[in-house]
Amino acid sequence: MDYNFSEIEKRWQAYWKENQTFAAEENSEKPKYYVLDMFPYPSGAGLHVGHPLGYIASDIYSRYKRHLGFNVLHPMGYDSFGLPAEQYAIQTGQHPKITTEENIATYRRQLDQIGFSFDWSREVRTSSPEYYKWTQWIFIQIFNSWYNKATDKAEDISTLIAHFEQHGTANLNAHTDSEIQFTYEDWSFYNEKEKADILMDYRLAFLADSFVNWCPALGTVLANDEIKDGLSERGGHPVERKKMQQWSMRITAYAQRLLDGLDTIDWTDAIKEIQRNWIGKSKGASIEFDVENSDKKIEVFTTRPDTIFGVSFMVIAPEHEYVTELTTDAQKEAIEAYVKYAASRSERERQTEVKKITGAFTGSYAIHPFTGKQIPIWIGDYVLAGYGTGAVMAVPSGDQRDWDFAKHFGLEIPAVIEGQNVEEGADDNKNGIICNSEFLNGLPVKKAIGAAIKAIQEKGIGKGQTNYRLRDAVFSRQRYWGEPIPVYFENGIAKTVPMNELPLTLPEVDKYLPTEDGEPPLARAEDWSYKGNPLETSTMPGWAGSSWYLYRYMDRERNHGFAKVSNLDYWKNVDLYFGGAEHATGHLLYSRFWTKFLNDKGFIEIDEPFQKLINQGMIGHHANYIFKVNIELEVEGIEKIAAVQATNLFPFYVSKEIAEEYSKSGITNLPDLEIGLAKFENIISNSIYDKSKTSNILKFHRFQIKSITEVPIDIKFVDNDSNFLSQKFLENSSELIRQKHVFVSYNNQIKCDREDNVKMSKSKFNVVNPDQIVEKYGADTLRLYEMFLGPLEQAKPWDMDGIEGVHRFLRKFWRLFHDKENNYIVTNEKATKEELKALHKTIKKITEDIERFSFNTGVSAFMICTNELTDLKCHKKEILEQLVVLIEPYAPHIAEELWNKMGNSGSISTAQFPKFDGKHLIESSHKYPVSFNGKMRFTMELPLDLSKDEIEKTVLESEDAVKWLEGKAPKKVIVVPGRIVNIVI
RNA sequence: GCGGAUGUGAUGAAAUUGGUAGACAUGCUAGACUUAGGAUCUAGUGCUUCACGGCGUGUGGGUUCGAGUCCCUCCAUCCGCACCA
């Protein structure tokens, strides 16, 4: 073979490993450059072709920076706590630690064979006690801190205690949920528990009640996306909104700084906008409404206090603390039913299904603060409890959701903006003039807002206020496979495990499930206590470990706290960060929060973790589905068998066509029972199903289809063109068939449904693994191909169609150095003008493309250059040596090989990057496109030193121009020297 | 619903400041070499037309000598929305 990539790649990968080629230097004089990839969760499916996309891009940039003389830090690790390993543990009993280690080993092998220039001496794993010791340490730091708004910083809790001891809450400007005011004397009389409770309202990591999606049957809390139609995705159990005591992080204290920081970092506007929205700063007013015959006041926040005269009712969340009290006896039944219904709906559903308008009247009335009118108080699930005050003053003329609610329940819609047609819908634009609003009449909206706030303040019923949509982040997880929270409870008081006893390691448990009482899995551990006091049983969320890992990489010695101070000072923050945009509001916000916190406490100098961010697009792939028919059987002589049981007993799968046919038949009794039966017989005659064991079951006389569910099926079992389930799969004993699943088909063929461009995941069985590609074409081809697919930031489907072309290119590149017999043919001849032009054009293009992260056009540039040099029959070292350095970031293995063949020793990785010299590109003439009325008609080669007038004259006199002018005189001629000529006729 | 993005040949795409639309690949067609081709090489390939030409960057409009690029309208698709990571 001419270009023996597998031998070359293995050799150089071994060389890099042996020589620690890519280890970042300690105590370097060079300028630093820190390139980081979001570390992967090591899933059981292994690395798929989507993962390396970002890694290749970051690797190209890292290698490029090394050529420019930077000390590059380019590490990799694993975000190795997470649900999938825990799910697997629940199913199989295998410790997640073992699963995770196996998966990491696979990832490492796969990463190594792609030839990344990672500094593996700094690897981190969030699940290793050595690492999470410091995650726990940071948690304790946060727990022992409060936010002083006066200094606009997190401070040690001791300064707060000192303030309480001297002044009580007087002159305190803290970020807190507490409204309790007390004097220093009060404080001195509080007992330990009372003090602890007060401090808890100030701590940045704190215990509080939060709403969660509780699934009683599973005994666990579910994520929004684990819930489908109010039922758990796994098992289909009911889920309810429930208040539970949870650890939370007071990220809201940082809302303004998180907002301001966005202006200092180089991220895309899209991501910044998402974060701005998430933080959701809004200016408006908080207003308290009195309630008739009650001393309760309902507090609302509105951005439109100017529309206060448009309020015709109030809506409070079904979970609002006053619901019970506000409900009159007459409405009791309705309200209770509605509260129960609302609890069954997920927050997502409540936000999404806006057309489904539901609510109930409490029977109570609030009093309008200005008009004194009665305002009915409703509950409605479009108002979310965890959001703002959990109550809104409804202005149906100004807010579409309020308008929909009013229409649905026949409530009044008073107009407050001149010219408003309240029958058509709400009008939320801020350009109108206020009317029907007493003292606000005639004011434009923007002025009215100020006037309304002033009036509200004067009346003492509220004040102007800035609100943030951002909520405190729930930090507890009722799971096993996460960092234990280093807290124990002594007489009900939360205390942290002493620093010198960290890490608090995960205990062994008999099962990875919650206890019978619904306690998290850690409660199963024997003696899960600290000095006789119970330890916290919830664990930390996935974002804990990933919020600070960038600092751990800076210190390879792992011997100096969470990271060595001198190294923190040298590396500062990540210069260039690669990762998916899906982390926009999770990881990317939380790590900014922790960085600001660590900065406040003086542990680090920097304020933002990631200076520049690149979001690589997702690589999707098609997924295939078949349809599982869930039936209810009536077996001869026996009672009806329930749906779930029948399905398990006799599950069958059908193609999309049959599923649709079944769906159309109303999912009741099948009209063509015989046909249905015949299909079963057909299967049996095809011996897909064990006949001997089914004879009894088949004696049913009726079956009902209860539902049809889509089930993903491994793409490797499905023919790519026809979407038929492969014959092999049907014939051979597969896993599904071993479980006695039946496939109903026509002519023994099952056509699967196909969905294109789906995110690759183990659960969809559509993962494309890079291993076979590397084996067949080599890592350099994979690297180039992934870059060649399209713009890095754009989502794109994976297909293998173009990979041959990229591979052919590398072989063509190889042939610039070798003849047909694979003899090395590079010469020391002097390069020609054309050859230098081809090279420098490429140097310019490649440099610009890397700088703007346009790697796909970079690959094209290499192809063009190689094509040109091949045509020029150029085999000259003067040209090729530079070209090899140029291509090294993209295709490092072949570059190392050729670099050494050309007589260089050692690695190419720090060779100087070629410098562009414009003198090779200077042209003496330009091929001018000549347009008539903007349409290009012909081109004309003209010297570049001609003046505008000379160009115009020459062009107009040309034969082509005369033909196109058709004897008419041009109205206007536009000449842009060096570019175009446009003639207007 | 709210928020963010994307629409260009048969396909992945290119066109960096408004200046020759479709570079570079894939696929396809024809040819060469070959016992053979899933190897290699050559030519062609936006649509339409015998041709001259006409039409072409999701839709409709606007600005401009000139628009894929700027402005407005509508449509379609994808992504995120707080316990997936």
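Chain A is the first sequence line, chain B the second, and so forth, proteins listed ahead of strands; every chain is numbered from 1.
Within the nucleic acid shown, A:Arg808 comes within 4.0 Å of sugar-phosphate atoms alone, with no base atom in reach, counting heavy atoms only. Here A:Gln246 lies in heavy-atom contact (under 4.0 Å) with a base. A:Arg815 comes within 4.0 angstrom of sugar-phosphate atoms only, judged by non-hydrogen atoms across all strands, and of no base. Counting non-hydrogen atoms under 4.0 angstrom, A:Val984 reaches the backbone sugars and phosphates but no base.
B:rG9 and B:rG56 are spaced 10 Å apart, taking the C1' atom of each and rounding to whole Å. Comparing the P positions of B:rU73 and B:rC78 gives a spacing of 23 Å, expressed to the nearest Å.
Nucleotide B:rC2 holds its C1' atom 17 Å from the CZ atom of A:Arg276, rounded to whole Å. Here the P atom of nucleotide B:rU17 and the CD atom of A:Glu848 are 12 Å apart, to the nearest Å. The nearest whole Å value for the distance from the CD1 atom in A:Ile279 to the C1' atom in B:rA82 is 13 Å. Atom CH2 in A:Trp543 sits roughly 20 Å away from atom P in B:rG80 (whole-Å rounding). The distance from atom CG of A:Asp381 to atom P of B:rG1 is 16 Å, rounded to the nearest whole Å. One interatomic measurement links the two molecules: CD1 of A:Ile980 to C1' of B:rU64, which rounds to 12 Å at whole-angstrom precision. Protein atom CZ of A:Arg937 is 12 Å distant from nucleotide atom C1' of B:rC55, rounded to whole Å.
For the pair A:Glu786 and A:Ile619, the minimum side-chain heavy-atom distance is below 4.5 Å.
Closest non-hydrogen pair, A:Pro520 versus A:Gln478, comes out as CG-CG, 3.8 Å.
Note on ring orientation: taking the six-membered ring where Trp is involved, the planes of A:Phe932 and A:Phe938 are tilted (angle from 30° to 60°). Ring geometry for A:Tyr107 against A:Tyr78 counts as perpendicular: the plane angle is over 60°, on a 0 to 90° scale with 30° as the lower cut. Taking the six-membered ring where the residue is Trp, A:Tyr785 and A:Trp798 present perpendicular rings, their angle passing 60° and hence far from 30°. Note on ring orientation: taking the six-membered ring where Trp is involved, the planes of A:His51 and A:Tyr55 are parallel (angle under 30°, cut-offs 30° and 60°). Ring geometry for A:Phe813 versus A:Phe809: interplanar angle of 30 to 60°, hence tilted.
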All N/O contacts under 3.5 Å from nucleotides 4-14 of chain B to the protein, with atom names and distances to one decimal?
{"unit_1": "B:rG12", "atom_1": "O2'", "unit_2": "A:Leu789", "atom_2": "O", "d": "2.3"}
{"unit_1": "B:rA13", "atom_1": "OP1", "unit_2": "A:Gln794", "atom_2": "NE2", "d": "3.4"}
{"unit_1": "B:rA13", "atom_1": "O3'", "unit_2": "A:Asn856", "atom_2": "ND2", "d": "3.4"}
{"unit_1": "B:rA14", "atom_1": "OP1", "unit_2": "A:Asn856", "atom_2": "ND2", "d": "2.7"}

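Ionic pairing of A:Glu868 and A:Lys841 is present here: one or more N-O contacts between side-chain nitrogen and carboxylate oxygen are shorter than 4.0 angstrom.
The backbone N or O of A:Asn277 lies less than 3.5 Å from a partner atom in the side chain of A:Arg469, making a donor-acceptor pair.
Not one side-chain nitrogen or oxygen of A:Arg479 sits closer than 4.0 Å to the OP1 or OP2 atom of B:rA85.
Secondary structure note: stems in RNA chain B built from 3 or more consecutive Watson-Crick or G-U wobble pairs under 3.5 Å occupy B:1-7 with B:75-81, B:10-12 with B:24-26, B:27-32 with B:40-45, B:46-48 with B:53-55, B:60-62 with B:70-72.
A residue-by-residue look at A:Ile864 and A:Gly542 shows that A:Ile864 has its nearest nucleotide of RNA chain B further toward the 5' end.
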